[in-house]
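Report on one structure; see the data block that follows.
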2 protein chains.
Amino acid sequence: MNRQTRQREAIESALIRADRPLRPAEILELAGPLCPGLGIATVYRQVKQGVEDGRLRLVEIPGSGTLYEVAGKHHHHHFECRSCGRVFEVDGCPGGLKGLTPDGFLLESHEIVLYGLCRDCCGSAA
Amino acid sequence: MNRQTRQREAIESALIRADRPLRPAEILELAGPLCPGLGIATVYRQVKQGVEDGRLRLVEIPGSGTLYEVAGKHHHHHFECRSCGRVFEVDGCPGGLKGLTPDGFLLESHEIVLYGLCRDCCGSAA
DNA sequence: TCTAAAATGAGAATGGATTATCATGAATCG
DNA sequence: CGATTCATGATAATCCATTCTCATTTTAGA
């Protein structure tokens, strides 16, 4: 799974171009044109391998399943559009999370997901 | 589904006593002793109805599936223990989320999930 | 108490996401 | 340029959560 294949390049390229986390099905859609015949099994194989190798990061959105994004970005969170379903990256992070943590609990990490309408959908699906 | 049954009372009682969101399987475990013979199908039927009636609220934790909690509480978030898997309620909410939202996006709601070790697991599973 | 309608329990069925299988095609390396 | 080994694609299989089915039990109300 470490050979340089057309499929792998197409998948990585799709993730880089999108610049947002993608679901396996979205990866197939976006990478398909770059690599005709690309199959969903290969997408699953590649993202799994990518996560193991540390090239990709797994993103879980409540109620929206599992997505993948290129790893190595700085700390950020996500915004899911309730109209088109796309998930976007949002920079920054509010402080004060430590303060929410109950006494005696150890805070190790956190996830923040914002919901609403993306720029494209603000007009059309308001 | 609006009759007062032993099963329904046991399920609501379990959710109230736990004072934290429960997965269907957890509800079955906790309510089972209160209502011998309770089946998982009934748990699913009751939580579904409860959400429709507004008595319960659905909580989705990334990677942990769907949980249910009693509705009507004030705004709060959740903490999932990576050791025991239980999900707890945490009060409060950091401000500044609006500031994270990209220009042109409409922020409607948000979810914050903290991860780490709960009080019980801090010692044993450190 | 008696009856009709609704809820339950057990297990089968479903749906969707992910993984396995295996013959074929492609990448690597001498 | 081979030969070898690995990756791929199609689809079957698996997994897990949730829902359905239906005979039986229970509730609510006359």
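Letters A, B, ... mirror the listed sequences (proteins, then strands); counts begin at 1. Note: hydrogens, waters and symmetry copies are ignored here, and every other heavy atom, side chains too, is used.
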Taking atom CD of A:Glu52 as the centre, does the number of heavy atoms from other residues, nucleotides or ligands within less than 6.0 Å exceed 12?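 Atom CD in A:Glu52 is crowded, with more than 12 foreign heavy atoms closer than 6.0 Å.
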
Kindly say whether the aromatic ring centers of B:His77 and A:His110 come within a distance under 6.0 Å.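 So the answer is no for these two rings.
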
Distance, rounded to the nearest Å, where [X] contributes [atom1] and [N] contributes [atom2]:
X: B:Gln4; N: D:dG29; atom1: CD; atom2: P; value: 11 Å
X: B:Glu26; N: D:dT18; atom1: CD; atom2: P; value: 12 Å
X: A:Gln49; N: D:dT8; atom1: CD; atom2: P; value: 10 Å
X: A:Ile11; N: D:dT8; atom1: CD1; atom2: C1'; value: 10 Å
X: B:Arg45; N: D:dT26; atom1: CZ; atom2: C1'; value: 13 Å
X: A:Asn2; N: D:dT8; atom1: CG; atom2: C1'; value: 15 Å
X: B:Leu38; N: C:dG9; atom1: CG; atom2: C1'; value: 9 Å
X: A:Leu28; N: C:dA17; atom1: CG; atom2: C1'; value: 14 Å

For [N], does OP1 or OP2 lie under 4.0 Å from any side-chain N or O of [X]?
X: B:Gln7; N: C:dG9; result: yes
X: A:Tyr44; N: C:dT18; result: yes
X: A:Thr66; N: C:dT18; result: yes
X: B:Gln46; N: C:dT8; result: yes

So for A:Arg6 and C:dG25, does any side-chain atom that can act as donor or acceptor lie under 3.5 Å from a complementary atom in the base?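 No, no donor-acceptor pair under 3.5 Å.
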
Is any N or O donor-acceptor pair between the side chain of A:Arg3 and the base of D:dT5 shorter than 3.5 Å?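 Under the 3.5 Å cut-off, the side chain and the base do form a donor-acceptor pair.
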
By nearest heavy atom, map A:Cys35 and B:Lys48 onto DNA chain D; which one lands nearer the 5' end?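 That would be A:Cys35.
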
Return whichever of B:Ile40 or B:Thr5 has its heavy-atom-nearest nucleotide of DNA chain C closer to the 5' end.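 Whichever sits nearer the 5' end wins; that is B:Thr5.
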
Hey, what do you get for CG (B:Leu67) to CZ (B:Arg57), rounding to the nearest 0.5 Å?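 Taking CG in B:Leu67 and CZ in B:Arg57, the distance rounds to 11.0 Å.
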
Whether B:Thr101 side chain and B:Leu97 backbone form a donor-acceptor pair below 3.5 Å: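 Yes; judged by distance alone, with no hydrogens or angles, the pair exists.
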
Under-4.0 Å salt bridge between A:Arg55 and A:Glu12: yes

